[in-house]
Amino acid sequence: MRAYAFRRILQFIPTILIISVIMFVLLNLLPGNAALMAGDQRKAPDPRVVEQLKKEWGIDKPIHTRYFIYLKGLVQGDLGTSFLRREPVNKLVGERIWPTLRLSFAALFISVAIGIPLGFISALKRGSLIDTASMVAAVSGVSLPQFWLGLLMMYLFSVVLGWLPSSGYGNGNFVNLIMPAFTLGIGYTALLARATRAAVLEVLHKDYIRTARAKGLSEIMVNWRHVMRNTMVLVLTTAGLQFGALIGQTVIVEKLFSWPGLGSLLVDSIFQRDIPVTQGCILVMILVFLIVNLVVDLLYSVVDPRIEY
C-alpha cells in the first residue's frame, strides 16, 4: 500500500503541471489586467502608472517567460505575490484554506450521514412508500439551486425564527456553520442516496446473498456483512468524486453567506484580475481534491480486503 501511495503522489506532479499550464494560459488571455484595477475606478487610469505597474509585476513580459518564472517559484513552494494586496499568496491562501475545508468536510459529513442510510433503507424497501418518498426527496434535493436554497434557509431560520445567524464566520462558531453546510451538502446528499440505492439493489441480486440467506443468516447479518461492505466501494468512489464538486461549489455558498474561505477569495481575485491569487486558490483546491481521492483509494482495501495494490 505504501508503494501504491507513493506512486499516486508522484502522479500529482504531471497533473499539477498540466493544470498549471492550462490555467496560466487561460488566465493571461482574459481581457484587462490588475494594473487597470489598482487605481481609483472612478477616474481614467494614468497610462504611465499602468505601464509602471506592469513592469513591476512582470506582466509586460511574454507569456512563456512569465510561466517559467511562475513554475520556478511553484517548484520551490512559492505561489507568488498578490498584485493588489502586496502580500504572499501562500499567506492569503493559508488564512482562507481552513474555513473552506471546514465547510466542505461538514457538507460531506451531512451528505454521508443522511445519504447513505437513506439510500440503503430505500433499496431494502424497494417499491414501498418509504422508497418513493426518499427518491422524490432525492430528486428534489438535486434540483434545488444552492443560492435559492440558501436564501430560503436565511429567510426561515434567521429572519422568521431567529435561530441562526444569516451570514458570516463569527469566531468559527458551530451555529455559523450550520446553514452554509446544509446548503452546500443537501444536493450531494441526494446524489449519494441515489448512488447507494443503485449499488445496494445490484448487490441484493448476487448469488452470495441468496447463499447467505439459505444458510440461515439473519437479515441484519446479511445486510451488514455482505450487502453493506460490497456496496461501500462504489459509495466511497461517489463520495470522493463529490468532494471535488463540493470544493468547487464553495464559491457560490461562501459568497452567499459571506464565508471567508478560498471560494470568496477566488471570486474576488478573478474580478480584480489578481492572477497570482487566482492561480494559488485553484491549485490548492485541486491538490486537496487529489489528496482526498488518494485517501479514498487507500480505503478500498480496508472496506474490501480482496482489493490489492
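Since we're looking at a predicted model, the values are computed, not measured. In this chain, numbering begins with 1 at the start of the sequence shown. Below, each value reflects all heavy atoms present in this structure, side chains not excepted, and no hydrogens, waters or symmetry copies.
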- Task: Output the distance between atom OG1 (Thr81) and atom CG (Asn90), rounded to the nearest 0.5 Å.
- Result: 8.5 Å
- Task: Would you name the heavy atoms of Val253 and Leu103 that are closest together and state the gap between them?
- Result: CG1-CD2, 4.2 Å
- Note on the structure: Heavy atoms of Ala123 and Val200 approach each other most closely as CB-CG1, 3.4 Å
- Task: Sorted by first residue and then second, give each ring pair (Phe, Tyr, Trp, His ring centres under 6.0 Å) pair with at least one member in residues 108-132; sequence neighbours left out.
- Result: none
- Would Leu283 and Leu74 count as a side chain to side chain contact (heavy atoms under 4.5 Å, CB included) if you check the C-alpha gap in whole Å, the side-chain angles of each, and the deciding distance to 0.1 Å? CA-CA 10 Å; Leu283 281 178; Leu74 188 62; 3.9 Å; yes
- Keeping to residues at least two apart or across chains, list the ring pair (Phe, Tyr, Trp, His ring centres under 6.0 Å) pairs with something in residues 159-179. Tyr169-Trp259
- Note on the structure: Taking every heavy atom of Thr100 against every heavy atom of Leu262, the minimum-distance pair comes out as OG1-N, 2.6 Å
- Does any pair with a residue in residues 135-160 pass ring pair (Phe, Tyr, Trp, His ring centres under 6.0 Å), and if so which ones, sequence neighbours excluded? none
- Task: Nearest 0.5 Å please: distance from the CG atom of Asp274 over to the OG1 atom of Thr278.
- Result: 6.0 Å
- Message: Would a single hydrophobic cluster contain both Val136 and Tyr188, if residues Ile, Leu, Val, Met, Phe, Trp and Tyr are joined by side-chain heavy-atom contacts under 4.5 Å?
- Response: no
- Message: Leu17: which residues meet the side chain to side chain contact (heavy atoms under 4.5 Å, CB included) condition with it, sequence neighbours left out?
- Response: Ser20, Tyr67, Leu71
- Note on the structure: Tightest non-hydrogen contact, residues Ser104 and Ile247, listed as OG-CD1, 3.5 Å
- Is any side-chain heavy atom of Phe12 less than 4.5 Å from a side-chain heavy atom of Ile291? yes
- Got a sec, which residues hit side chain to side chain contact (heavy atoms under 4.5 Å, CB included) with Ala193, two or more places apart in sequence or on another chain? Leu118
- Same cluster for Leu79 and Ile69 if Ile/Leu/Val/Met/Phe/Trp/Tyr side chains link at under 4.5 Å? no
- Should Val159 and Phe257 be counted in the same cluster of Ile, Leu, Val, Met, Phe, Trp and Tyr side chains packed under 4.5 Å apart? yes
- Message: Can you tell me how far apart OG (Ser166) and CE (Met179) are? Round to the nearest 0.5 Å.
- Response: 6.5 Å
- Task: Give me the one residue out of Thr183, Leu256, Ile186, Ile178 that meets side-chain contact (heavy atoms from CB on, under 4.5 Å) with Met153.
- Result: Thr183
- Query: Mind checking what makes salt bridge (Lys or Arg N to Asp or Glu O under 4.0 Å) contact with Lys91, not counting sequence neighbours?
  - Reply: Glu87
- Message: Distance check, rounded to the nearest 0.5 Å: Ile22 atom CD1 versus Ile282 atom CD1?
- Response: 11.5 Å
- For Leu164 and Ser158, the nearest pair of non-hydrogen atoms, with its separation, is O-OG, 2.8 Å
- Task: Following the transitive rule for hydrophobic clusters with a side-chain heavy-atom cut-off under 4.5 Å over Ile, Leu, Val, Met, Phe, Trp and Tyr, establish whether Val112 and Ile121 coincide in one cluster.
- Result: no
- Quick one: are Ile116 and Leu192 in side-chain contact, heavy atoms under 4.5 Å? yes
- Message: For Glu254 versus Ser264, what's the shortest heavy-atom pair and its separation?
- Response: OE1-N, 2.9 Å
- Item | Name of the residue among Leu266, Leu184, Leu101 meeting side-chain contact (heavy atoms from CB on, under 4.5 Å) with Thr250 | Leu184
- Query: Are Leu201 and Ile130 grouped together when hydrophobic residues (ILVMFWY) are joined by side-chain heavy atoms under 4.5 angstrom apart?
  - Reply: no
- Query: OH of Tyr70 to CG of Asp78: how many Å apart, nearest 0.5 Å?
  - Reply: 9.5 Å
- Item | Point-to-point distance, once rounded to the nearest 0.5 Å, from OG1 of Thr189 to CD1 of Ile114 | 5.0 Å
